[in-house]
**Q** 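This structure is in structure tokens; I'll ask about it shortly.
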Amino acid sequence: MNKTDTFFLIHNYNSDPKELLEYCKDYLIIDCSDDSKTPDILKSSGYNYITLPNTGQNITSYFHFFIDNYDSLPDHIALLKGHIIGRHVSKDYFDRVYDNKWFTYLYQEKNMWNRYGKSGDENSIASLLSEDGYLELNNSWYMNQSHEYRYFYNMDDFYRFVYKDPIIPRYCTFSPGGCYIVYKEQILKNSKTFYKNLNKLMEYRKEINFPAEAFLVERLMPWIFTSRLEVNPWMDDEEKFDYMLTKCEESVNLYREWNSLHLKRFRIMLGAKEPIFLQPDDQTSKNSCHLCK
């Protein structure tokens, strides 16, 4: 096997990523393990690694690397999990794509082909366009599961919060697990502050039961690396971003209050009205995000 000169950025959690290191010439392991064995394995093996607190997911590790190495990024980076082979991709698939020098979705679950292909369940929220082309109905189903949210409760508003006047897609296409091959220019098209601000949405609670906003960022990843849409001004300004988050939290609290009145008839009987949120001064179009108004 020829070792690739693509830099392997490996988020690691309670595993030994030895198999991945056979594919690459250079790498960094960002270890977020919380067991007692993994740090000893990494150290005794002489691996190149650093440790970060466990946030419950991997995207924050990648963004911290972008921030810390913004002016000296490798030309090509594979964003990986230590256990990606067998978890998000097959070894056969990884063998075919690990040396790609173009934007690549690192996802392949062959056991789901019958379910997500044309002959599968027509009512499924997920479909496959190709072996790595995962397509999911944009209905924000994951925001109502076990992970709590503070600033956003659906994907549509998150699109509008990050970008100016974006198309709101019927489907989201992304790599489940958040693993990709990217090149330096795709990372640098966004500012260092952009990544810092997105990490704030995923790190306000650092535990395995991570904030639900991380699911939103996971689905935004292809846009982050490939979209040429203009970002909203607060995405490149930490102070403005923090202020906007206070407005978002206020709006989410109003949404929760309104949503607690489950039946519209009861809402009308009680004289309740749909909450009206204030628009920010520079975001007054009809397409504005109602969470950041």
Side-chain angles (χ1 to χ4, degrees), residues 55-57 59-60 63-64 66-67 138-169 172 174 189-207 209-224 227-262 264 267 270-293:
T55 62
Q57 41 77 35
I59 300 174
T60 50
F63 287 2
H64 278 298
F66 297 168
I67 294 163
N138 179 22
N139 64 359
S140 303
W141 62 271
Y142 39 84
M143 302 303 288
N144 297 310
Q145 305 301 309
S146 59
H147 295 261
E148 296 182 2
Y149 53 83
R150 179 181 296 176
Y151 303 113
F152 300 94
Y153 58 84
N154 68 44
M155 189 70 200
D156 297 358
D157 288 306
F158 187 58
Y159 281 129
R160 297 188 184 103
F161 180 83
V162 177
Y163 296 101
K164 288 185 177 181
D165 197 25
I167 183 173
I168 303 302
C172 297
F174 64 101
K189 79 179 189 64
N190 302 301
S191 70
K192 186 186 300 187
T193 302
F194 178 91
Y195 296 110
K196 287 182 180 179
N197 284 336
L198 286 180
N199 264 358
K200 291 178 183 178
L201 293 175
M202 299 182 284
E203 292 186 326
Y204 63 79
R205 186 175 63 247
K206 293 184 178 180
E207 56 187 53
N209 190 29
F210 52 82
E213 283 86 352
F215 291 123
L216 301 176
V217 178
E218 179 186 16
R219 284 153 179 79
L220 193 70
M221 291 282 273
W223 288 40
I224 289 172
S227 173
R228 283 297 179 181
L229 285 171
E230 183 178 1
V231 301
N232 281 311
W234 49 81
M235 294 304 302
D236 293 326
D237 185 313
E238 288 194 70
E239 185 175 347
K240 288 182 179 179
F241 185 85
D242 292 344
Y243 169 76
M244 293 302 295
L245 287 192
T246 65
K247 307 305 290 182
C248 291
E249 187 169 11
E250 290 173 7
S251 295
V252 165
N253 289 335
L254 286 174
Y255 167 78
R256 285 197 178 103
E257 182 180 346
W258 171 256
N259 202 48
S260 66
L261 300 174
H262 295 291
K264 187 175 181 180
R267 293 172 180 168
L270 293 173
K273 297 181 179 179
E274 288 281 358
I276 299 175
F277 308 121
L278 297 176
Q279 300 260 4
D281 293 340
D282 55 349
Q283 188 78 349
T284 56
S285 75
K286 65 180 180 180
N287 293 320
S288 297
C289 165
H290 77 268
L291 286 179
C292 58
K293 295 173 184 175

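This one's a predicted model, so the numbers in the text were calculated from it and none came from an experiment.
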**Q** Mind listing the closest non-hydrogen atom pair of E213 and R150 along with its distance?
**A** OE2-N, 2.8 Å

**Q** Can you list the residues that meet the side-chain contact (heavy atoms from CB on, under 4.5 Å) rule with N139, with sequence neighbours excluded?
**A** I125, L137, W141

**Q** In the structure I gave you, are the side-chain heavy atoms of P166 and I168 within less than 4.5 Å of one another anywhere?
**A** yes

**Q** For W223 and I167, which heavy atoms make the closest approach, and how far apart are they?
**A** CH2-O, 3.3 Å

**Q** For E148, is the CD atom crowded, meaning more than 12 foreign heavy atoms sit under 6.0 Å from it?
**A** no

**Q** Just say parallel, tilted or perpendicular for the rings of Y195 and F66, cut-offs at 30° and 60°.
**A** perpendicular

**Q** Please work out which of the three classes, parallel, tilted or perpendicular, describes the rings of F158 and F152, given edges at 30° and 60°.
**A** perpendicular

**Q** CD/E250 to NZ/K247 distance, rounded to the nearest 0.5 angstrom?
**A** 4.0 Å

**Q** With a 4.5 Å heavy-atom cut-off, do F210 and F215 have their side chains touching?
**A** yes

**Q** Rounded to the nearest 0.5 Å, how far does CD1 of I59 lie from CE of M221?
**A** 4.5 Å

**Q** Looking at Q145, I'd like to know if its CD atom is crowded, meaning that more than 12 non-hydrogen atoms belonging to other residues, nucleotides or ligands lie closer than 6.0 Å.
**A** yes

**Q** Quick check: does any side chain N or O of N154 sit under 3.5 Å from a backbone N or O of S140, one acting as donor and the other as acceptor?
**A** no

**Q** Closest approach of D236 and T193, non-hydrogen atoms and distance?
**A** C-CG2, 3.6 Å

**Q** Under 4.5 Å between any side-chain heavy atoms of L201 and L245, yes or no?
**A** yes

**Q** Would Y204 and Y151 count as a close aromatic pair, with their ring centres under 6.0 Å?
**A** yes

**Q** Does either side chain, that of H64 or that of E203, offer a donor lying less than 3.5 Å from an acceptor on the other one?
**A** yes

**Q** Is there a side-chain contact between P233 and K164 (heavy atoms, below 4.5 Å)?
**A** yes

**Q** State, with a plain yes or no, whether a side-chain heavy atom of E249 is found less than 4.5 Å away from one of T246.
**A** no

**Q** Do the side chains of Y149 and L216 get nearer than 4.5 Å, heavy atoms only?
**A** no

**Q** Heavy atoms, side chains only, cut-off 4.5 Å: are D156 and N138 in contact?
**A** yes

**Q** So, do F161 and F241 have ring centers that fall under 6.0 Å from each other?
**A** yes

**Q** Is any side-chain heavy atom of M235 closer than 4.5 Å to one of N190?
**A** no

**Q** Would you compute the distance between atom CZ of F194 and atom CG of N199 and round it to the nearest 0.5 angstrom?
**A** 11.0 Å

**Q** For D237, does its backbone N or O pair with a side-chain atom of K196 as donor and acceptor, under 3.5 Å?
**A** no

